[in-house]
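Per chain, numbering begins at 1; letters A, B, ... match sequence-line order.
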Amino acid sequence: MTREATYRSFPEDYLSAPDRAEQAVLEFWNSALVFGEQQKRRIGAKPFIFYEGPPTANGKPGIHHVFARAIKDAVCRYHWMRGARVERKAGWDTHGLPVELEIEKKLGISGKKQIEEIAGTKEASIAKFNDLCKESVFTYLKEWRSLSERMGYWLDYDHPYITFDPGYIESVWWLISRFHANGLLEKRFKVIPYCPRCGTGLSSHEVGQGYKDVQDPSVTVKFRLQDDPATSLLVWTTTPWTLPSNAGAAVNPELEYVKIRSPKHAGEQFWIAKARMAAVAPDAEVIESKRGRELAGIRYIPPFENLTNIPDLRAKPRPEAAAALHTIRAGEFVSSEEGTGIVHMAPCYGADDYELGEREGLPIYAAVGRDGKLAIDVGRAARGTFFKDADAGLMAELKDHGKLFARTTVQHTYPFCWRCDTPLLYYASPSWFLKTTAYRDAMVENNKKIRWAPPEIGAGRFGEWLEGNVDWAISRDRYWGTPLPVWECEYCNHFEVIDSIATLRKRAKSPFAEPFDPHKPGIDNIIIECAKCKKDAKRSLSVIDCWFDSGAMPFAQNGFPYKPDSGARLADQFPAHFIAEGLDQTRGWFYTLHAIATFISCYDRQPGRAGERVPSLSAASSYRSCVVNGLVLDAQGRKMSKRLGNAVNPFEAMQQNGADAVRLLLLGSGALHLNRRFDPDSMTAMRRQVVIPLVNCLQFFATYANEANYNDNDFRRDPKSRTLLDRWIRSRAETLAKSVADAFDNYDLPAAIAALSNFADSECSNWYVRRNRKRFQSGDLNDRWIGLETLRHVLGIAARCLAPIAPFAAEMLWHRIHRRDAKSESVHLQQFPTLDAGFGGDMDAALDSAMGSALTVARLARAIREKNKIRNTIPLPWIYLLVPRLEAGAGSFMSAVEDIVKDEVNVDEVRFEFYPPTPGQEHYFHLKAKPNFPVLGKRAGKLMKSIQEAILKLDDAQVIEFMAAGRRLVAVEGGAFEIGTDDVIVAAEVEDSACESDSKITVGLNVKYNDSAIARACAREFASAVNQARRDANFKLSDRCRVELAQSEAASRVLSGIGEGSGRQRWLDDLRATSIATRPADKHADWRETELIDGEKVAFRVARDE
RNA sequence: GGGAGCGUAGCUCAGUUGGUUAGAGCAGGCGUCUUAUACACGCCUGGUCGGGGGUUCGAGUCCCUCCGCUCCUACCA
C-alpha cells in the first residue's frame, strides 16, 4: 500500500450514505468545539441580534420545524462569517394548555374537575398535576436538542431561557406591573370565546386557529306579543340553545318594520323588517308599518314561557330590569342583511347582546353553564345536555307550542377550541385584560419600521390585524402557567400587582419557603394586606396566557430587570435584527413580541421602582427584520398530519438523505413564504444541482494535485501566468460570493442556492474543469500547479458560500482543499469571501462576457452538428462567428476564446466576421436589422409599427450601408424618421441547416469533411476505447501501457489518424506506442474489439508497460 | 360575509420600470463526450401565460370582469 494521499476526495460512500459522512462532521464540530470558538472569537464585536422563537417543548419536532430552523441557522451563520457577534440563545416555551392537555391524555382524564381530583385534596391535585407538566416538558427537550444538533442548527443550549424558570416569571411579573402602572390592566366582565372543556377563555389569536365549516340549524321563531298573542315578532337565530336565556329582542331604531299577514299562517300576524319580507315571507301582505324605535318597549312572551330558576350571572338584579325584560329594545348593531331584522338577545352569549343588556340593565341569564351543559330542564331538552346537542330538543319543544315559523340548516364557520376541538361558546366572563388598544397607533407605526419578508405580510396581514387590535385577554383559569401576579382585596375590590418575589416576600402576611417556586398552587395561599383597607387580599387564581411568556422573551431571557447585568444585556440585545418563524406566528409570537415591546418602548413613561434601570430603548418593535416561512406539505400538496399518516419524520429524512439535502430542499425550492411540498425525491435533485458538482470538482482536484505533488503551502503564486480560463473562473467565483451575499442581505435564500448551483454545475464543473482536463493530465508542471491553485481557490470560495446553507458538505469541502497533514480549521470559523483582502479584483465583466460568447458558440455549434448528424469526434474545417465588433484591445480576448472554441467544437479554424461590417468586403452572413424596441419604442411611439416595417425591409446591402453611416432615414406614413445604430439589433438571417443563431451571436459551421477527418475521428474513438480498457483493467493514472492493434484496414486508418492528431492528451503517449501485431487465432481473452464511426471493427489489447 | 395571495410546459417554479423568439430544473424522446463525474452533458418535444374584455404602437406584466385554488379574517343574531 502506498502512503496516504496528500489531498483527499469525499468519502467514497458519501453519495450513498451521506449520514455517515455528516456524523463525522458532527464529531469534528464537537471535538473542536467549533460553536464555542465562534462565540469566543466575536467577544466585543458588533452584534447581529437574533431571537430564537421558543418551541413548545411538549410535542415532537416535525419537518416543518426544520424549515424555520434552517432559515435561522443559515442567516446566523452568514452574519457570523461577515464578522458579527451572533448570540444564539436557545429558548423553551414550557407553559400552557398544550402541556396540560398532554398530561390529561396521559392520565386518561378530561376537564378541570377531574384534574382537581387526582390526589387527595384540590391543592395536592394541582401540585401533582403541575409537577407532571414540568416533567413532561423535560422529556421532549432532548428530542428537540438532538434535532437541532443533527440538522446543524447551532444554538446555545447550555444557557437557554425557560419560561417556567422563576427568574423568567419575575420578568413577566415586572412587565405586568408596568402595564398596571400605566393603567392598562383591568378586570372586566366580557363576552369572550370560551372552551367549556378546558374551562378557560381564549384570546383572539387562539380562536383564529380553530374555525371550521359546520352545519347549524337556522330557525325563525315567533315571539308572541303579551298584549296581542295573535301577533308575533319573527326572530332568527342559528343558536337555538341560547333561546332559554333570552332577555330581550332588538330592532334597529332607524329601520322600517312591517306587520304582515300570510295565507299560510291564518289568524296570525308578524312583525318583521320590511327589507327582509321578500326573503322570509314573500307571499305576505303588509298591514302596518313602523320605524324600529316606535316598536321599542313592546312586551313579548319569551320563547320558553314557564322557566324558573334560570341562573342569572348578575348577583343582584338591576332595578330597571323588570321593566326592560322581554321587551323590544333598540340596538344600532341590528342589520337587515340577514334573518328578520329582529334579533334575539341573550346577554350571556353575545358581545352585542351583552353591551345592550348592560345598558338596559337586563339580567344575564345563563341556561347553559360554563361547563357547556344545560343547567335546567327545558321541556324535552334535559338538564345536563351539551349545548350543541340541546338544539334538537329545544326546536321540537318550540314546534309543539306553535312557535316555530321556519326551520332549515345553514352552513357557516364556527369556532372550535384549537387544542381539544370542542365547540366554543361565547360566554360573559370576568377576565383580566391588557388594554393594548391604548397604544394601537404606536403598534401600527412600529410595524412600518419592520422589514418583512415577504413585505406583503407586514403591510397586509399583520398591519390590518393591528389596525383592528382588541384588548388582550391575558388571564387563563388553568394551572400550569405563569401565575397572574394580581392580589385582590375581598372587601374593597382594590387590587395590586406584585412585581417580584422579593416584593411578595415583603408583603406576604406569613413567610414562605426559600427558594420559592412561584407556580400554583403554593402561591395561591399567600395573602397580602390590602394597601387601602388593610384587610386580606388574595391572589386572583388565574395564570397568564402562555403567549405572553414568549412575547416577553426579549426582556425575560436575561431576567430583566432583576438579574445583575440584565440592563446591559437588554441594551446589547434589543431589538433583534432578525427573527424567522412560520406564517402561523403572525398572530402568535410576531404579535406578542410586538405588543409587549411597543408598550415598553413607546408607552411606558412612568418609571417604577425598577424602571430607572430600563435602558433607553428607541421606539421600536423588538425586531427589525422578520422572515416568514410557509407550510411544509407532503409530496401531493396535502397538509402533513398524524391522522393522514403523511408526516415526514425529520430524523429519518436526514438519516437517509443527509441534513444538507433536507436544508437545501427546504431553503431552495421556491420563495420562502410559499408553502412547499416535501417530496423525498426532490432531495436528491437538490444535492445533484449544488453539492455533487462540487464533490466532483474536488475529486478532480485531489486526483491531479496528488499526481502533480501540488503543495499549496510552498507554491509561489504568479497571477501573470494564469490562463484565460483561470482568470474567468476566478471572476465567476467572486461574482458568486457577491451574489450570495446580496441574496442573504435580502433574505432571499433561494437566490443564494440558485447562484451556487449555477457556479458549481455549469461554470466550475462543466466548463472550467472539463475544459482544463488535458492541461491537468499532461501540461507543464508549473502550469498545472497554477491551475490547481486556481481550482483550490475557487473551491474555497464556494465552500464558504455554501457554509451557511449546507454546513456539512461545506465543511468536508473546506477540509479537503487543504493538505491532509495541515491543521485545517472549520469553514465555519472563516470569514465570508467578500471580506477577503482585494476581493473584487478578479471580477472582469469583459472576460465574463467573452466567455459567455464562447459558451454560446459551443452550444450553437453542437446544435448544428446534431441537426446534420455529425458526431463531435469528426473534426470540421472551419466555423464562422458573427460577433459585435469589439472595442480596441478586446481582440485578444477573441483570439484566446478562439482556442477554446476550436477545441470544444472540434474545428480546425475559427473565422470571425464582425458587425458593423466594412462596406464592400465579402461576407459570409447576410445581415438583417430588427428594431430595438426598448430604445426605439420610447422615441417612436405610435409610429413604431411602420418604422418596424421599414427596418425589416432593409436588405443586406442597406444594413451595411446604414451601419457604416451610423444613421438612416426610413419612410413612415407622413414623412421620414431618422434611426441610429442603437435603434436596431443586427443579426444574420439564417435559414441554412449549417447555421444557428441566438439573440447575440450567429455561427456558421462548415459541415463538409473528408476522409482524413474520418481517420482522425477513428483515432479519437479508438483512444476512448483504449481508455475504457485501461479503466476495466484498473490501470492507475500514472501507468504507461503498450497497445497492440490487430492488422486491418481500419487499424491503419486509426494509425494515420493518430499521426494527424494534435494536442497534448496523455492517451497519445500510449497510442504512439501502438504497434501492429498479429492477433492470435485463439482469441486470447485480453483482446477486445471496438466498432468505429465507419462501421469497421478493430481488435486491440493493452498491456502494462513494465 | 370581508380581505389577501395564487393560477405560466406533464410536474415544481423563474419572469426586472409594459418592449415583440416567455425561461430553468425534473419527467419524456433522441443523441454525445469522457481515465474527475452515468447521480454527466447536449439537443428535441412540450405553453391560446386560468377565461373574457379594456388601455397601449406593443400586455405574462397595467385596469375591469368572470372561473378555480389557497390562506387569513369574522360572535353580525
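For Tyr426(A), there are no ring pair (Phe, Tyr, Trp, His ring centres under 6.0 Å) partners at least two apart in sequence or on another chain. Considering only residues two or more places apart in sequence or on other chains, Asn246(A) meets the side chain to side chain donor-acceptor pair (under 3.5 Å) condition with Tyr300(A), His344(A). With sequence neighbours left out, Tyr768(A) forms a side chain to side chain donor-acceptor pair (under 3.5 Å) with Asp726(A). Residues that satisfy the side chain to side chain contact (heavy atoms under 4.5 Å, CB included) test with Ser429(A), not counting sequence neighbours, are Ile192(A), Tyr194(A), Arg370(A), Tyr427(A), Ser431(A). Evaluation of the ring pair (Phe, Tyr, Trp, His ring centres under 6.0 Å) rule for Trp271(A) yields no partner, not counting sequence neighbours. Residues passing the side chain to side chain donor-acceptor pair (under 3.5 Å) test with Tyr414(A), sequence neighbours excluded: none. Evaluation of the ring pair (Phe, Tyr, Trp, His ring centres under 6.0 Å) rule for Phe700(A) yields Tyr704(A), Phe776(A) as partners, not counting sequence neighbours. With sequence neighbours excluded, the residues satisfying salt bridge (Lys or Arg N to Asp or Glu O under 4.0 Å) with Asp216(A) are Lys388(A). Asp748(A) pairs by the salt bridge (Lys or Arg N to Asp or Glu O under 4.0 Å) definition with nothing, not counting sequence neighbours.
Contacts of Arg773(A) with the nucleic acid, taken as non-hydrogen atoms under 4.0 Å apart, include base atoms. Residue Asn246(A) is classed as having no contact, given no heavy-atom separation below 4.0 Å to the nucleic acid. Within 4.0 Å (heavy atoms only), Ser335(A) reaches at least one base atom of the nucleic acid. Among the heavy atoms of the strands, none lies under 4.0 Å from Ser946(A). At the heavy-atom level, Gly339(A) lies nowhere under 4.0 Å from the strands shown.
Look at CZ on Phe405(A): it is 17 Å from C1' on A77(B), rounded to the nearest Å. The distance between atom CD of Gln656(A) and atom P of C39(B), rounded to the nearest whole Å, is 19 Å. With rounding to whole Å, Leu952(A) atom CG is found 17 Å from G58(B) atom P. U37(B) atom P lies 22 Å from atom CD of Glu763(A), rounded to whole Å. The distance between atom CG of Leu1005(A) and atom C1' of C43(B), rounded to the nearest whole Å, is 15 Å. For Tyr591(A) and U73(B), the OH to P distance is 13 Å, given to the nearest whole Å. Atom-to-atom, CG of Leu698(A) to C1' of C39(B) comes out at 17 Å; the value is rounded to the nearest Å. Atoms NZ (Lys942(A)) and P (U56(B)) sit 7 Å apart, rounded to a whole Å.
Checking C75(B), A74(B), A77(B) against the side-chain heavy atoms of Ala351(A) singles out C75(B) as nearest. Comparing C76(B), A74(B), C43(B) by their nearest atom to the side chain of Arg859(A) picks out C43(B). Closest to the side chain of Tyr426(A), out of C75(B), A77(B), A36(B), is C75(B). Of the candidate nucleotides C39(B), U32(B), U37(B), C39(B) has the atom nearest to the side chain of Ile692(A).
Distance noted for atom C1' between U48(B) and C71(B): 30 Å (whole Å). Comparing G15(B) with G47(B), their C1' atoms sit 14 Å apart, to the nearest whole Å. Atom C1' of A40(B) sits at a distance of 16 Å from the matching atom of C26(B), rounded to the whole Å. Comparing the P positions of U45(B) and G52(B) gives an interatomic distance of 26 Å, to the nearest angstrom. Only the C1' atoms considered, U73(B) is 41 Å distant from G58(B), to the nearest whole Å. Using P as the reference atom, A14(B) and G7(B) are 8 Å apart when rounded to the nearest Å. Distance check on atom P: A59(B) versus U70(B) gives 33 Å, rounded to whole Å. Taking atom C1' in both G18(B) and G2(B), one finds a spacing of 32 Å when rounded to whole Å.
Ranked by how close their nearest RNA chain B nucleotide is to the 5' end, Arg770(A) and Pro415(A) are led by Arg770(A).
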- Item | Structure string for RNA chain B in dot-bracket form, Watson-Crick and G-U at under 3.5 Å, | interchain | (((((((..((((.....[...)))).(((((.......))))).....(((((..]....))))))))))))....
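Using a 4.5 Å heavy-atom cutoff, the side chains of Pro347(A) and Val191(A) are not in contact.
Between Phe701(A) and Tyr7(A), the ring planes are perpendicular. Angles over 60° get that label, and only those under 30° would be called parallel.
If you look at Phe590(A) and Trp465(A), their ring centroids are not closer than 6.0 Å.
Residue Arg862(A) has no polar side-chain atom (N or O) positioned under 4.0 Å from OP1 or OP2 of C43(B). Put simply, Tyr704(A) has a side-chain N or O that comes within less than 4.0 Å of OP1 or OP2 on A36(B). Considering only side-chain N and O atoms, Lys945(A) lies nowhere under 4.0 angstrom from the phosphate OP1 or OP2 of C57(B). For the pair Asn872(A) and U32(B), the criterion of a side-chain N or O lying under 4.0 Å from OP1 or OP2 is not met.
Leu694(A) CG to Leu756(A) CG: the interatomic distance, rounded to the nearest 0.5 Å, is 7.5 Å.
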Below 3.5 Å is the cut-off: list the nitrogen or oxygen pairs between protein and nucleotides 12-19 of chain B, distance only.
residue: U12(B); atom: OP1; partner: Arg677(A); partner atom: NH1; Å: 3.2
residue: G19(B); atom: O2'; partner: Pro934(A); partner atom: N; Å: 3.3

Identify the pairs formed between an N or O of the protein and an N or O of nucleotides 24-26 of chain B at a distance under 3.5 Å, and give each distance.
residue: G25(B); atom: O2'; partner: Gln689(A); partner atom: NE2; Å: 3.1

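Side-chain atoms of Arg865(A) come within 3.5 Å of backbone atoms of Val905(A) as a donor-acceptor pair (strictly under, hydrogens ignored).
Annotation for Leu936(A) and Pro931(A): closest pair CD2-CB, 4.0 Å, computed over non-hydrogen atoms.
Residue side chain Asp352(A) reaches the base of C75(B) through a donor-acceptor N/O pair under 3.5 Å, judged by distance alone. For Ser765(A) and A40(B), a side-chain-to-base donor-acceptor distance below 3.5 Å is absent, hydrogens and geometry of angles not being considered.
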